Undergrad: 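Have a look at this one.
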Amino acid sequence: MAATGSEKQGGDGVKSFYVSTPIYYVNDAPHLGHAYTTVAGDVLTRWHRQRGEKVWYLTGTDEHGQKIMRTAEANDVTPQAWCDKLVEESWKPLWEHLDIANDDFIRTTEKRHTDRVQEFVQDLFDKDQIYKGGYEGPYCVGCEEYKLPGDLIEAEDGTKLCPVHKKPVEILKEENYFFKLSEYGPKLMEFYAANPGFIQPESARNEIVNFVKQGLQDLSISRSTFDWGVPVPWDPKHVIYVWIDALLNYATAVGYGANQEKFDSTFPADVHLIGKDILRFHSVIWPAMLMAQGLPLPGKVVANGWLMVGGEKMSKSNLTGIKPQDLTSHFGVDAYRWYFLRAIAYGSDGSFSWEDFSARYTSELANDYGNLASRVAAMVGKYFGGALPEATAAGDAERAVQEGLAEAVAVADRKIGEELDFQGGILAIFDFVKQVNGYITEQEPWKVAKDTSPEGQARLATILYTAAESLRGVAVLLNAVMPDTSQKLWDSLGAEASLGALADQRVQDAGRWGRLPVGVTVTKGAVLFPRLEEKPA
């Protein structure tokens, strides 16, 4: 049985927690759907970094294939010039704008990738896993994939359409090289049975298991009708099928065939984050390729749902591709990062609406979270001159808050770090924020402040310390999701000077009560979530 990502380790005995996004086609600028997956991967890897783990986060661009070639031709430039322009002017700047902390950005036109792709395919050919043949069938250029007749949908005029792109397929006939994928059906079924969590969510797993049960066809792994791709090493009239080329980025980016030490300490991915429309490539073809080479298989392939606008999958071809900057310019980057993971259960389809984003921003971010931070800082400043007082009169109410923080840490760590239930983890944190708001409302520190006796002042000090220490825990828990806002709160609490960098605070320790030192200076900084202006026209 092949090893999985969680089992194989490098020479130092510690394997990096390796997460990948799909590498994205550069036929156009990125939209919300691309950013959704990339932000999810960023939150997941930031979370694991804050656990103190070694982490490797990979994203990049898929730059070969017929679709890219046709797009470049339509824009009167070479394919390479088109890719260079899109990557440098659209893709990389967006990830920087969204505060994505990827460790590498792989482009499939880079020599470090193309040389290794040729070596991998040559190895398969030498092992008699590839043979020459011919194929004719319906092909979707948008998917870069031959379609099975049963997969197609029919337009009103009888035209056969791709179910993903809703566009007519082309009937292609060409001489190709084929990978003996059909031989790997039983091995894949055995692997799925032994690793029930390999494909997530459950609906995706069921789809793939049923698909493989029906029997696999050998896979065409070359194209001879166009030349924008990696040449087949033994027959340069052919280029390697773009999906074989693309999938190998997960290996070439971490040293396959070039840096064995790095490869051993990183590969395979622990989590491949993908869109559900590319599920078969990642959960059938990719593991079969690895089996053929005797390489370990990934830990998980996790398919997120589609972002829907007006009932349609968000995409440029459907004219529903909204630029992330359209939202960040209004709501801010941190709110953007928070919203999609909060509003949509990862793995399910979800509809985006401006109105829903506005309502959640106002209710949860501005009113619940931002207002709490502002009120606590203002009261520490007003009643204690900005110096955090000591809690000497704690009772049941304070113990309930302490327990609430510990519970939020445990639930969020499990849901985000292990289950990839970003929505569930964020909700657990914001349930605690609501608990602290309720605590302050019940304790009424503004009334307690009127009691100038030592007992009254001790009680006031305890309430405000409890609230500030709670916010210390929240800043740590939300750092992966909203790093800029969390840093502002961390600074406001005086924690940078007293506890060190926020990034160095361990998630698992966030619930340890009493870490914020007495006497630290608490300041009221800028409003974390400003009131929204009117929706731009």
Side-chain angles (χ1 to χ4, degrees), residues 334 365-395 397-402 404-406 408-409 429-430 432-452 454-479 481-506 509-530:
D334 270 13
L365 293 185
N367 292 348
D368 287 349
Y369 182 29
N371 191 43
L372 173 63
S374 180
R375 292 168 72 199
V376 171
M379 286 190 287
V380 174
K382 181 177 180 180
Y383 301 128
F384 293 96
L388 186 66
E390 184 178 4
T392 58
E398 287 68 43
R399 281 187 284 274
V401 173
Q402 295 177 30
L405 176 58
V409 170
I429 300 166
F430 273 78
F432 176 66
V433 169
K434 290 180 186 294
Q435 180 184 357
V436 179
N437 273 310
Y439 165 79
I440 291 177
T441 298
E442 291 172 3
Q443 300 305 316
E444 299 181 310
W446 49 90
K447 289 186 179 180
V448 176
K450 295 176 182 179
D451 182 353
T452 59
E455 294 78 14
Q457 291 303 293
R459 183 67 199 143
L460 177 62
T462 298
I463 295 169
L464 294 183
Y465 182 89
T466 299
E469 174 67 353
S470 297
L471 285 170
R472 190 267 317 158
V474 170
V476 175
L477 291 177
L478 287 177
N479 189 41
V481 183
M482 297 188 284
D484 184 60
T485 304
S486 295
Q487 185 64 53
K488 289 177 181 176
L489 177 57
W490 192 250
D491 292 340
S492 170
L493 294 170
E496 187 84 15
S498 59
L499 297 177
L502 177 56
D504 294 337
Q505 309 304 307
R506 296 289 169 253
D509 294 335
R512 282 174 46 208
W513 194 260
R515 302 204 67 212
L516 201 56
V518 171
V520 72
T521 300
V522 177
T523 56
K524 186 178 180 182
V527 175
L528 296 184
F529 300 99

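On a predicted model such as this, the values are computed, not experimentally measured, just so you know. We're numbering straight along the sequence, starting at 1.
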Undergrad: Please name the pair of heavy atoms, one in Tyr439 and one in Ala397, separated by the smallest distance, quoted to 0.1 Å.
TA: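 Tyr439 and Ala397 have their closest heavy atoms at CE1-CB, 3.9 Å.
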Undergrad: Looking only at non-hydrogen atoms, find the nearest pair between Ser492 and Ala377 and report the distance.
TA: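 Residues Ser492 and Ala377, closest heavy atoms: OG-CB, 4.2 Å.
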Undergrad: Let me see the working for Ile429 and Val481 under side-chain contact (heavy atoms from CB on, under 4.5 Å), right down to the final yes or no.
TA: CA-CA 11 Å; Ile429 300 166; Val481 183; 5.8 Å; no
Undergrad: Nearest 0.5 Å, please: how far is CG in Leu502 from CG in Leu489?
TA: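 That separation rounds to 9.0 Å.
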Undergrad: Partners of Asn371 by side chain to side chain donor-acceptor pair (under 3.5 Å), sequence neighbours excluded?
TA: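 Checked Asn371 against side chain to side chain donor-acceptor pair (under 3.5 Å); zero matches.
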Undergrad: Please report the shortest heavy-atom distance between Leu460 and Val448, naming the atom on each side.
TA: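 Reported closest heavy-atom pair: N-CG1, 3.7 Å.
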Undergrad: What pair of heavy atoms forms the shortest contact from Val436 to Ala467, and how long is it?
TA: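 Nearest heavy atoms, Val436 then Ala467: CG1-CA, 4.4 Å.
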Undergrad: Using atom types as modelled and distance alone, determine if a side-chain donor or acceptor of Thr462 lies under 3.5 Å from a backbone N or O of Ala393.
TA: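 Checked: pair present.
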Undergrad: Does a donor on one side chain and an acceptor on the other come within less than 3.5 Å for Arg472 and Gln505?
TA: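 Their side chains do not contain a donor-acceptor pair, so the 3.5 Å distance test is not met.
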Undergrad: Mind checking the CH2-CZ spacing from Trp513 to Arg399? Nearest 0.5 Å is all I need.
TA: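 Interatomic distance, Trp513 CH2 to Arg399 CZ, rounded to 0.5 Å: 12.5 Å.
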Undergrad: Go through the steps for Tyr465 and Val380 under the test side-chain contact (heavy atoms from CB on, under 4.5 Å), then give the verdict.
TA: CA-CA 9 Å; Tyr465 182 89; Val380 174; over 6 Å; no
Undergrad: Going by side-chain contact (heavy atoms from CB on, under 4.5 Å), Val474 matches just one of Val476, Leu478, Leu477. Which one?
TA: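 With Val474 as partner, Val476, Leu478, Leu477 yield a single side-chain contact (heavy atoms from CB on, under 4.5 Å), made by Leu478.
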Undergrad: Any side-chain heavy-atom pair from Phe384 and Met379 closer than 4.5 angstrom?
TA: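 Heavy-atom side-chain distance check fails, nothing below 4.5 Å.
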Undergrad: Within this structure, what is the OG1-CG distance for the pair Thr485 and Asn479, rounded to the nearest 0.5 Å?
TA: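 CG of Asn479 is found 10.0 Å from OG1 of Thr485.
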Undergrad: Answer whether the closest heavy-atom distance between the side chains of Tyr369 and Lys434 falls below 4.5 Å.
TA: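 No, side chains not in contact.
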Undergrad: Could you tell me whether the side chain of Ser486 and the main chain of Met482 form a donor-acceptor pair under 3.5 Å?
TA: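 Yes; at least one donor-acceptor contact below 3.5 Å.
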Undergrad: Supply the atom-to-atom distance Ser374 OG to Lys524 NZ, rounded to the nearest 0.5 angstrom.
TA: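 Rounded to the nearest 0.5 Å, the OG-NZ separation comes out at 3.5 Å.
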Undergrad: Arg459 and Glu398: salt bridge (charged side-chain N to carboxylate O under 4.0 Å, His left out), yes or no, with the steps?
TA: CA-CA 11 Å; Arg459 183 67 199 143; Glu398 287 68 43; 2.7 Å; yes
Undergrad: Is Asp334 close to Leu528 at the side-chain level, that is, under 4.5 Å between some pair of heavy atoms?
TA: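 They are not in contact (no side-chain heavy atoms under 4.5 Å apart), so the answer is no.
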Undergrad: I'd like to check Val518 versus Leu388 (side-chain heavy atoms, cut-off strictly below 4.5 Å). Are they in contact?
TA: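 Not in contact.
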Undergrad: Take Val409 and Phe432, measure what side-chain contact (heavy atoms from CB on, under 4.5 Å) needs, and give me the verdict at the end.
TA: CA-CA 10 Å; Val409 170; Phe432 176 66; over 6 Å; no
Undergrad: Donor-acceptor pair, distance only, cut-off 3.5 Å: does the side chain of Trp490 make one with the backbone of Gly500?
TA: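 A pair under 3.5 Å: yes.
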Undergrad: With a 4.5 Å cut-off on side-chain heavy atoms, are Leu493 and Val520 touching?
TA: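 Val520 vs Leu493: side chains apart.
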Undergrad: Check whether any side-chain N or O of Thr441 sits under 3.5 Å from a backbone N or O of Asn437 as a donor-acceptor pair, and report yes or no.
TA: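 Yes; judged by distance alone, with no hydrogens or angles, the pair exists.
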Undergrad: Mind checking side-chain contact (heavy atoms from CB on, under 4.5 Å) for Asp451 and listing every partner two or more places apart, or none if nothing turns up?
TA: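 Asp451: side-chain contact (heavy atoms from CB on, under 4.5 Å) contacts with Ser453.
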Undergrad: Could you tell me the separation between the OG1 atom of Thr466 and the CG atom of Leu405, rounded to the nearest 0.5 Å?
TA: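 Here the rounded value is 11.0 Å.
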Undergrad: For Glu469 and Gln402, what are the C-alpha separation, side-chain angles and deciding distance, and is it a side-chain hydrogen bond (donor to acceptor under 3.5 Å, both in side chains)?
TA: CA-CA 9 Å; Glu469 174 67 353; Gln402 295 177 30; over 6 Å; no
Undergrad: Tell me which pairs pass side-chain hydrogen bond (donor to acceptor under 3.5 Å, both in side chains) where either residue lies in residues 376-392, with sequence neighbours left out.
TA: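 The answer is none; no pair qualifies.
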